[in-house]
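Taking it in order: structure first as structure tokens, then the write-up.
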Protein chains: 2
Amino acid sequence: MIRIVVVDDHDVVRKGVIAYLETEADFQVIGEASSGEEGVEVVLKQKPDVVLMDLIMENGNGIEATKRIKEVIPDCKVIVLTSYYDDKQIFPVLEAGAFSYLLKTASAEEIVSAIKKAHHGENVIEPKVAHKVMTRFQGKQATLHDQLTDRELEVLICLANGATNQEIADQLFIGIKTVKTHVSNILRKLEVHDRTQAAVYAHRHHLL
Amino acid sequence: MIRIVVVDDHDVVRKGVIAYLETEADFQVIGEASSGEEGVEVVLKQKPDVVLMDLIMENGNGIEATKRIKEVIPDCKVIVLTSYYDDKQIFPVLEAGAFSYLLKTASAEEIVSAIKKAHHGENVIEPKVAHKVMTRFQGKQATLHDQLTDRELEVLICLANGATNQEIADQLFIGIKTVKTHVSNILRKLEVHDRTQAAVYAHRHHLL
DNA sequence: CGCAAACTCATACTTAAGACTGAGACAAAA
DNA sequence: TTTTGTCTCAGTCTTAAGTATGAGTTTGCG
């Protein structure tokens with residue numbers, strides 16, 4: 001039995017979805033809400049297995065609600081439903097902790113399938129945006145240098161141009177001790193052992 | 001009056017060229033030869049202004065002859081004539097000291113023109129190969145790193161991968177003292193002040 | 001056969017690099 | 001307000017880096 005909460009501010013949509021979901025033998029809709037805030041309350045009280053979350057609602061959006069739900073009940077699978085196709089939505093949604101991401105143009109069968117898959121630990125990402133996610137991850141595979149602060153990046157650029165600590169200090173109008181601190185932090189974050197390797201890293205990753 | 005020597009092992013070609021050249025009022029053919037060695041002898045004795053040199057001959061090629069002529073009489077303009085188009089020929093020919101480079105498919109007027117230009121200090125390079133020469137020089141504009149020896153280049157590659165002196169020593173099976181010597185020489189030749197700048201140089205010039 | 005260049009190694013010296021620790025100022029976020 | 005992160009700087013210590021000089025070996029070239 002899969003316990004479900006449906007969150008959507010359009011009554012007709014919510015009621016319709018619930019009605020359809022309950023035709024499934026092993027589905028049990030144990031709560032519903034018409035706003036993000038109300039959704040969080042219901043979820044925290046009912047502790048469902050799966051949440052169907054509308055992304056765009058009048059009172060508080062689905063992202064904030066998802067974030068708060070995942071903070072308290074990490075095991076809860078939140079399936080985000082979005083009305084229209086938009087590239088930029090997907091990343092904040094995933095960062096918020098959403099488990100699956102579907103368009104409302106998806107058929108009822110697809111939604112049922114997504115719920116079952118979510119319950120078994122399988123993610124469902126709308127094909128149109130799935131490849132966006134992939135390219136994003138391929139292009140950003142755990143880049144070490146995005147740990148660097150702005151200042152550290154500045155220092156690294158200077159360093160990768162062949163500047164000495166003293167020259168970097170003069171360029172950035174700071175003390176050589178400060179530069180040494182930055183360089184040490186850079187080396188640690190980039191997981192290298194000296195400035196030459198850091199310079200090589202910078203060039204290989206086209207940081208200048 | 002332009003004093004000329006013609007070197008070509010094909011009698012008919014040589015005689016024909018000479019006959020045509022003498023129709024020019026200010027041309028004076030003061031010698032001829034049918035081999036490279038003989039050509040050198042004649043040239044050294046006659047000291048002509050211009051030499052028409054066939055590139056490919058049975059007894060000794062035109063390159064060696066050109067080289068020896070330029071060693072003794074640097075002011076002598078050697079115009080090399082080659083039977084067929086070949087990219088690889090041009091560079092040894094120029095290195096030997098040839099002043100101009102023409103194909104035998106060139107018209108009689110072109111040859112006459114080339115001789116006059118040579119006498120006035122103007123080079124003539126067959127258009128088909130001229131751009132080869134240009135690209136060669138553009139691509140090899142005084143690269144600092146071509147001063148490096150093979151071993152130094154190996155060391156530079158290691159260095160530009162972020163290796164320490166000790167690591168380079170281990171990789172190349174030599175002592176760290178030797179590595180230091182190489183590195184010092186590399187830094188001097190590349191006109192940089194430390195290994196980081198050397199690594200930057202290597203990456204900017206795509207040496208690895 | 002010299003001769004020059006390249007590769008090798010050594011000693012001694014100087015200095016920049018880097019690690020480690022600690023700390024004050026400041027701004028944004030919880 | 002307290003916390004957290006960033007930027008700043010200081011002191012101390014260890015070691016890698018780099019310079020300068022000299023020299024032995026090999027290799028190729030005239």
Side-chain angles (χ1 to χ4, degrees), chain A residues 40 63-64 67-68 70-72 92 95-96 145-202, chain B residues 40 60 63-64 67-68 70-72 92 95-96 144-202:
Chain A
V40 174
I63 290 182
E64 277 303 317
K67 207 174 293 184
R68 277 192 279 168
K70 295 300 291 188
E71 282 173 3
V72 183
E95 282 168 9
H145 60 264
D146 57 16
Q147 301 172 50
L148 298 179
T149 66
D150 293 347
R151 199 53 159 171
E152 286 164 353
L153 197 57
E154 285 185 81
V155 172
L156 177 59
I157 299 301
C158 294
L159 191 161
N161 276 319
T164 64
N165 286 337
Q166 186 58 60
E167 289 168 346
I168 296 172
D170 294 342
Q171 266 185 259
L172 302 182
F173 304 106
I174 55 179
I176 190 175
K177 304 295 181 64
T178 306
V179 175
K180 282 192 172 190
T181 302
H182 285 317
V183 171
S184 276
N185 292 332
I186 291 168
L187 298 185
R188 177 174 38 76
K189 289 181 179 178
L190 297 187
E191 297 176 5
V192 295
H193 297 92
D194 55 56
R195 64 169 46 225
T196 303
Q197 292 182 343
V200 171
Y201 180 101
Chain B
V40 173
I63 290 181
E64 278 303 317
K67 207 174 292 183
R68 277 193 279 166
K70 294 301 290 187
E71 282 172 2
V72 183
E95 283 168 8
L144 292 171
H145 60 266
D146 57 16
Q147 302 171 49
L148 298 179
T149 66
D150 292 348
R151 199 53 158 170
E152 286 164 354
L153 198 56
E154 285 185 82
V155 172
L156 177 59
I157 300 303
C158 295
L159 191 160
N161 278 318
T164 64
N165 287 336
Q166 187 59 59
E167 288 168 345
I168 297 173
D170 295 342
Q171 268 186 256
L172 301 183
F173 304 107
I174 56 180
I176 189 176
K177 306 294 180 66
T178 307
V179 176
K180 282 192 172 191
T181 302
H182 285 316
V183 171
S184 276
N185 292 333
I186 291 169
L187 298 186
R188 179 173 38 76
K189 288 182 179 178
L190 296 187
E191 299 177 2
V192 295
H193 297 93
D194 56 58
R195 63 171 46 227
T196 303
Q197 293 182 342
V200 171
Y201 180 101

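The chains referred to below are lettered A, B, ... by the order of the sequence lines, with proteins before strands, and numbering in each begins at 1. No hydrogens, no waters, no symmetry mates; every other heavy atom, side chains included, goes into these values.
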| task | Take B:Gln147 and B:Asp194, find for each the nucleotide of DNA chain C with the closest heavy atom, and name the residue whose nucleotide sits nearer the 5' end. | result | B:Gln147

| said: Is the phosphate of D:dT19 approached by B:Ser184 (side-chain N or O, under 4.0 Å from OP1 or OP2)? | reply: yes

| task | Find the distance B:Arg151:CZ to D:dT27:P and express it as a whole number of Å. | result | 14 Å

| request: Please state how far atom CD in B:Glu152 lies from atom C1' in C:dA6, giving the value in whole angstrom units. | output: 8 Å

| task | Would you classify A:Thr164 as touching base, sugar-phosphate or nothing, given that sugar-phosphate means primed atoms plus P, OP1 and OP2, and contacts are heavy atoms under 4.0 Å? | result | sugar-phosphate

| task | Tell me which of A:Thr181 and A:Leu159 sits closer to the 5' end of DNA chain C, going by the nucleotide each one is nearest to. | result | A:Leu159

| query | Measuring from A:Thr178:OG1 to A:Ile168:CD1, what's the distance to the nearest 0.5 Å? | reply | 12.0 Å

| Phosphate contact (C:dG18 OP1 or OP2) by A:His193 side-chain N/O below 4.0 Å | no

| request: Can you spot which of B:Ile157, B:Leu190, B:Leu159, B:Asn185 makes a side-chain contact (heavy atoms from CB on, under 4.5 Å) with B:Glu152? | output: B:Asn185

| Closest to the A:Leu187 side chain, choosing from D:dA17, D:dT8, C:dG18 | C:dG18

| remark: Picking from C:dC7, D:dT8, C:dC9, the nucleotide nearest the side-chain atoms of A:Ile174 would be D:dT8

| said: Any N or O donor-acceptor pair under 3.5 Å from the base of C:dA19 to the side chain of A:Lys180? | reply: no

| Phosphate oxygens OP1/OP2 of D:dA17: is one of them under 4.0 Å from a side-chain N or O of B:Asn165? | yes

| For the atom pair CD (A:Gln166) and CG (A:Asp170), what is the distance rounded to the nearest 0.5 Å? | 5.0 Å

| request: Select base, sugar-phosphate, or nothing to describe what B:Thr149 touches, counting heavy atoms under 4.0 Å on all strands. | output: sugar-phosphate

| request: Figure out the CZ/C1' separation between A:Arg195 and D:dA16, and round it to whole Å. | output: 13 Å

